[in-house]
Amino acid sequence: MSATKDNASHLGNTPLHLEKLKEVARKELPRLLDTVRGKKGLVLDPQLTGPLSLIAEFTLLKDHGVEKIYHLDSDTLDTDCASLIYICRPKMKYMRFIANHIKQLSQKSEDSRTEFSLYFVPQRTRVCERILEEQGVFGSITIGDYAMDWIPLEDDLISMELDPGTWKEIYLDGDHTSIYYAAKSLMKLQSIYGLFPKIIGKGDAARQLADMLVRMRREQAVVDEVSSFTSSKQPSLLNSVSNHIDQFIIIDRNIDIVTPLCTQLTYEGLIDETMGINHCFVELDANLVNPNQQAGSGSKQTGPNTQSPAVPPPVTTTPNQSGKKKKYVLNATDKLFSQLRDQNFAVVGGVLNKIAKRINENYEERHHAKTVAQIRDFVGRLGELQQEHQSLRIHTGIAEQIMDYTITDEFNSILEVQQNVVAGVDGNKEPDYIEEMINKQKSLIQVLRLLCLMSLAQGGLKVKLYDFFRREIIQTYGYEHIETLHRLETLGLFTKRTTATPSRSAFSQSRRLLRLIVDDVNEVRPNDISYVYSGYAPLSVRIVQCAMQKIGPGSLPTSGPSAASLFSYVGGGGGNNTNGTTPSQTNNSSGYLNEKRPNGSSGSLNGKLNPNPGVTVSNGWRGYEEVLKLLPGKSFEITQNVEYGAETNAAMARARRHGMQHTKTTVIFFLGGCTFTEVSAIRFLAQHDESRDYLVATTQMINGNTFLEPIVESIH
Amino acid sequence: VILLEGFEQDDIAERISKLKIAGKTYQDDKERAFEAKGTEEGIKLLQMQQQLEKDTHQPFTGLSVSETIYKCTVLGQQNKASKVKSEFKVPDKRMWWIKLRALVEVRDWENLEKF
């Protein structure tokens, strides 16, 4: 089956060739499966099936002897496979399940012994091994690691696809494992593409991550030195600065928790808000995806469905509904979707309409086909046309479903509350509406999204309101939410106001300094990233803009520091040339500072959105210290240098000759998850920045619901 | 943490005793007055729900205050609903909403007319 080929064809069109990343993860899997001979059963962590299905299709597993696939979700397992392979995240719960399976299966039959092996993603932990020891099964199981680092979702988006909750783990539980995983995965990235020449970031966890990266690089250097004697060195580019990547920006989710709480208003974002997108898949009513299309044109659409292994249909069906749920893949293979995804939902209807008309016209062309050649030409395009037709139908269906929701009073009231709160309009209407939602017992998550947003934007709620809402919530949703509220308070999401001056919150100040609220949004022809939230520019992406797009009137013409720095590396020939870039930078930033003063006019930030090509110069945080100070956590800039020997110098010179032609890529890593709208906003930046590509990397994709869910206490 | 342990107990008596410990812990800390009071109320609710279960032979535990009132109204136990309301000082506004929803649910138009 060519399902994966189809699925992956949208990758590999950028200088970075993300296809490579996928191959790395893919090659590893068969190796791991082949460690056990013969037929085997695969037991998967339910959280991992989605990500796994993105890198390997079912046939690949089958080719390597996998007969059956199970989900690891209970402590009993009925199987007749002679050997079992477990692939799961290192969680204590799973260890208990596995231990029980082993006991149960070895009891059942003495003569046919089942073989067990267990692979941890991304690696084993002491605690898990300990549990297996305590359960007395440690000896009967083979343990290994499977580092499934990066999963390329798109050409400009890669994700580690961790469970949602990274931010909460770091800032509430003090659990820094995911930072470590991120560092590991980023090292992998660097070993493929070369060292990031510059790492800048903001936020405490981001700082930790950067430090870890620097340390790991040093450790790696030692390991390399040792292994160069044993000559078992793996090819890696950790010894050279990347030719493709010019800088690496770490955005700690903690600096901007407002953005994920807002309702996303792009097409893709709204799909995620209303139906949920999991690992590129959205679940739709089956009759929407495939009413009775013949298999020919439908195969591509449903192809990925067959490839996602071990997703038992019963789980996803809702019995009372007529139609079963079907998975539908959302990525750039769907040309129509790639046109729509980043658009504000307000214009999606119009675009769909236009496309429908065009397709219809194309169909009509058959009447004009007179000659045989023309007919042949038409028939040749028919397949493509039908496929377009099919995907148009699906997206119209999706859009209709979303529309059903967006025209409700509820949606519009929520949106109004959000927009007012974010814009800093403090009326009485907003609390009233939230109270009404509680009274109607609307979903707690939705209520909390609004309350947290309000608290964040206003620097805490007035004591009276705060106490009122806390009481209302625990009486309406149950007393166990005392704990939920406590967590929200600890995280600073929902707090009472401590100072008397209300408008001094960090958010309201950065709103002013970064011009987060843009009144004249043009949703059809966006001129600023604020179009993704119909007027609110995501803070996180504004920060990225700060780091990226500084242009002063007096800046150097063309070949900015990025080129200059490369020259200086070569010219320096091993010298430690950290300051090679500094002169031009200072020059720049001082020029910029003059312009930056916010004097009410729409000047500065808007100006930066349309950088003259060639003048774009990135020089870190300079010029934005004031804003950055307001936001939590440290900001930092690290330059990674390499002391080159003579031969690498020659290589660099060669690289300069060939490599300088292609554009550089800036990697933006969201530690703690990012939303689809933020990706859209960055794509918008990329479109308006000729001189470089952007690659978004994240620990996982989130939205306001998946962001809060791990924090909300649930009892079963 | 004890609070959550408390909520995980299946047995109601067990749950109450755990919650009592949690409440005590909260009381030791002045900053945690809200939590202390909340836990106290939680215990009170559980006790009332036990009584309600005896009277109506319907499961009540695990419901929140609002849900309890809702259920009482649905079952036609207006007095009991009012009792819960006064006991937990539920604001009138919320009370109306709950009653409204509950009465519509059982299509009790007569009682709906009444208020």
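Proteins get letters first, then strands, A, B, ... in listed order; numbering begins at 1 in each.
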- Does B:Glu35 offer a backbone N or O that forms a donor-acceptor pair with the side chain of B:Thr39 under 3.5 Å?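 Side chain of B:Thr39 to backbone of B:Glu35: a pair is present.
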- Query: Would a distance-only check, ignoring hydrogens and angles, find a side-chain to backbone donor-acceptor pair under 3.5 Å from A:Ser455 to A:Leu461?
  - Reply: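 Pair absent, no side-chain N/O of A:Ser455 close to backbone of A:Leu461.
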- Query: For the candidates A:Arg470, A:His486, A:Glu436, which exhibits the highest count of non-hydrogen atom pairs separated by less than 4.5 Å from chain B?
  - Reply: A:Arg470
- Item | Segment of A:Glu435 engaging chain B (4.5 angstrom heavy-atom cut-off) | side chain
- Message: Under 4.0 Å between a side-chain nitrogen and a carboxylate oxygen: does that hold for B:Lys44 and B:Glu41?
- Response: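 No, this pair does not count.
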- Query: With a 4.0 Å cut-off, would you call B:Lys71 and B:Glu67 a salt bridge?
  - Reply: no
- Message: Working to the nearest 0.5 angstrom, can you tell me the gap between A:Ile131 CD1 and A:Lys93 NZ?
- Response: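 One finds 12.5 Å between CD1 of A:Ile131 and NZ of A:Lys93.
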Go through the atoms of [X] and report whether side chain, backbone, both or neither lie under 4.5 Å from a heavy atom of chain A.
| X | value |
| --- | --- |
| B:Arg94 | both |
| B:Lys37 | side chain |
| B:Ile69 | neither |

